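In what follows, a structure is listed as structure tokens, so that the remarks can point back to it.
Here the structure is a predicted model, which means the values were calculated and not measured. Naming: A, B, ... by sequence-line order, numbering from 1 per chain.
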Amino acid sequence: MVCIELEPWIEKQIPPNLVDHFKNLRKDQLALQKRVIIEDHPSLSRISLVAGCDVSYFSNGDACAGIAVLEIPSLTQVEYVFYIYTPKIDYVPTFLAYREAPGIVEAYKKLQNKPDLIVVDGNGILHPHKLGIASHLGIILNKPTIGVAKRLLIGSFDEQILLENKFSPVMYKNQEIGAAVVTNQSYKPIYISPGNLLSIQTARSLISRYTRQRLPEPIRLADKLTRDTVKDLE
DNA sequence: GCGACAG
DNA sequence: ATCTTGTCGC
């Protein structure tokens with residue numbers, strides 16, 4: 001019994017025989033979304049370790065999920081773990097978590113130093129149903145998370161305000177779901193949104209502290225380490 | 001009306 | 001995400 005309708009533009013990217021499965025995944029997302037909390041958690045006042053996570057792929061399709069833990073405020077690496085697995089589904093917009101979160105959770109279990117905050121490569125509530133991979137992980141791990149994407153999934157923002165203030169709210173269905181932010185000498189914005197346990201403002205504020213180039217250091221490091229791991233193992 | 005579309 | 005050369009800028 002599947003009583004859920006997928007958006008047409010998303011459904012047309014799913015193999016016919018898997019549509020029902022994705023409808024169940026959507027049902028799962030809607031349930032998880034109800035547990036998301038967009039309010040600053042008390043623990044955020046004493047952050048000493050921040051993690052960045054990312055997933056790279058082998059030529060055979062297998063994935064390598066990696067997590068880098070950085071010390072605050074030095075932003076120096078204190079630990080790196082990775083987990084190799086075979087993704088259960090191909091990439092489909094709005095369902096990224098079901099492809100990458102399982103591997104990230106396994107890698108997380110291997111961490112010796114549990115972080116106070118996790119920065120995820122992807123979106124938080126900047127998602128059609130406010131449950132991007134960062135929010136998904138935030139619920140599963142019960143930890144404050146922030147989503148940072150390089151491209152806009154949905155919504156819109158004011159280009160003028162972005163250039164004037166270095167950031168602009170991303171709106172979707174008349175609601176603020178994140179922020180477009182320009183960092184340093186990059187005209188190309190990044191899109192920040194809270195995953196879980198913090199506000200949009202706090203997410204922006206924290207990310208700015210961890211950013212030196214276009215992308216925040218936790219993400220850059222996780223991306224590099226995970227990519228090097230794949231290269232070394234191939 | 002046409003196209004957009006995290007990684 | 002990944003496949004890839006030369007090329008522009010700090």
Side-chain angles (χ1 to χ4, degrees), chain A residues 6-15 22 25-26 29 32-33 36 52-67 82-105 107 118-138 145-157 159 170-173 177-181 183-196 200 203 207 212-216 218-220 222-234:
Chain A
L6 294 172
E7 296 79 349
W9 69 272
I10 293 175
E11 182 165 340
K12 77 178 186 186
Q13 298 186 51
I14 301 173
F22 276 85
L25 295 184
R26 178 70 87 217
Q29 285 185 317
L32 287 177
Q33 151 59 26
V36 173
C53 58
D54 189 30
V55 177
S56 288
Y57 295 85
F58 292 90
S59 53
N60 71 356
D62 280 356
C64 173
I67 301 178
F82 65 86
Y83 178 79
I84 296 174
Y85 67 107
T86 302
K88 291 192 178 72
I89 62 170
D90 282 334
Y91 168 75
V92 174
T94 75
F95 289 102
L96 176 64
Y98 295 92
R99 178 173 168 75
E100 305 192 333
I104 294 174
V105 170
I118 304 175
V119 182
V120 184
D121 195 335
N123 295 304
I125 62 173
L126 202 170
H127 178 280
H129 297 286
K130 296 186 189 314
L131 197 84
I133 188 171
S135 296
H136 192 114
L137 284 169
T145 56
I146 298 176
V148 176
K150 309 175 201 64
R151 303 190 309 183
L152 193 61
L153 174 60
I154 48 137
S156 60
F157 61 92
E159 199 76 47
V170 170
M171 306 298 289
Y172 180 66
K173 290 185 175 178
I177 57 175
V181 177
T183 56
N184 299 326
Q185 272 62 62
S186 183
Y187 285 75
K188 213 173 179 181
I190 59 175
Y191 306 91
I192 301 172
S193 62
N196 191 31
I200 294 180
I207 291 301
R212 291 182 163 172
Q213 315 255 304
R214 185 168 95 99
L215 294 170
I219 292 293
R220 290 189 60 217
D223 181 81
K224 181 199 176 3
L225 292 172
T226 207
R227 187 136 41 196
D228 285 349
T229 298
V230 168
K231 180 184 293 185
D232 293 346
L233 268 40
E234 292 257 57

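- Checked against B/dG7, C/dT2, B/dA6, the side chain of A/Arg227 finds its nearest nucleotide in C/dT2.
- Residue contacts for A/Asn123: at a heavy-atom cut-off of 4.0 Å it reaches a base atom on one of the strands shown.
- Taking atom CZ of residue A/Arg99 and atom P of nucleotide C/dA1, one finds them 11 Å apart after rounding to whole Å.
- The aromatic rings of A/Tyr191 and A/Phe157 are tilted relative to each other, their planes meeting at an angle between 30° and 60°.
- For the pair A/Ser135 (side chain) and A/Asn196 (backbone), a donor-acceptor distance under 3.5 Å is absent.
- Counting any heavy atom pair closer than 4.0 Å across all strands shown, A/Tyr91 reaches a base atom.
- Atom CD1 in A/Ile219 sits roughly 11 Å away from atom P in C/dA1 (whole-Å rounding).
- In this structure, A/Tyr85 and A/Tyr83 have parallel ring planes: the angle between them is below the 30° cut-off, well short of the 60° mark.
- The number of heavy atoms from other shown groups lying within 6.0 Å of CG (A/Asp62) is above 12.
- When each of A/Glu7, A/Gln13, A/Lys12 is tested with A/Ile10 by the rule side chain to side chain contact (heavy atoms under 4.5 Å, CB included), just one qualifies, namely A/Glu7.
- Residue A/Phe95 is in base contact, counting any heavy-atom pair closer than 4.0 Å across all strands shown.
- The distance from atom CD of A/Gln213 to atom P of C/dC10 is 14 Å, rounded to the nearest whole Å.
- At the heavy-atom level, A/Leu152 lies under 4.0 Å from the strands shown only through sugar-phosphate atoms.
- The CD1-C1' distance, from A/Ile104 to C/dA1, rounds to 13 Å in whole Å.
- No contact: A/Ser59 has no heavy atom under 4.0 Å from any strand.
- Atom pair A/Gln13:CD and B/dG3:P shows a separation of 14 Å (rounding to whole Å applied).
- A/His127 places its NE2 atom 13 Å from the P atom of B/dG7, with the value rounded to the nearest Å.
- One interatomic measurement links the two molecules: OH of A/Tyr191 to P of B/dG7, which rounds to 10 Å at whole-angstrom precision.
- A straight line from CD1 of A/Ile146 to C1' of B/dA6 spans 16 Å, rounded to a whole angstrom.
- One finds a side-chain N or O of A/Lys150 lying less than 4.0 angstrom from the OP1 or OP2 phosphate oxygen of B/dG7.
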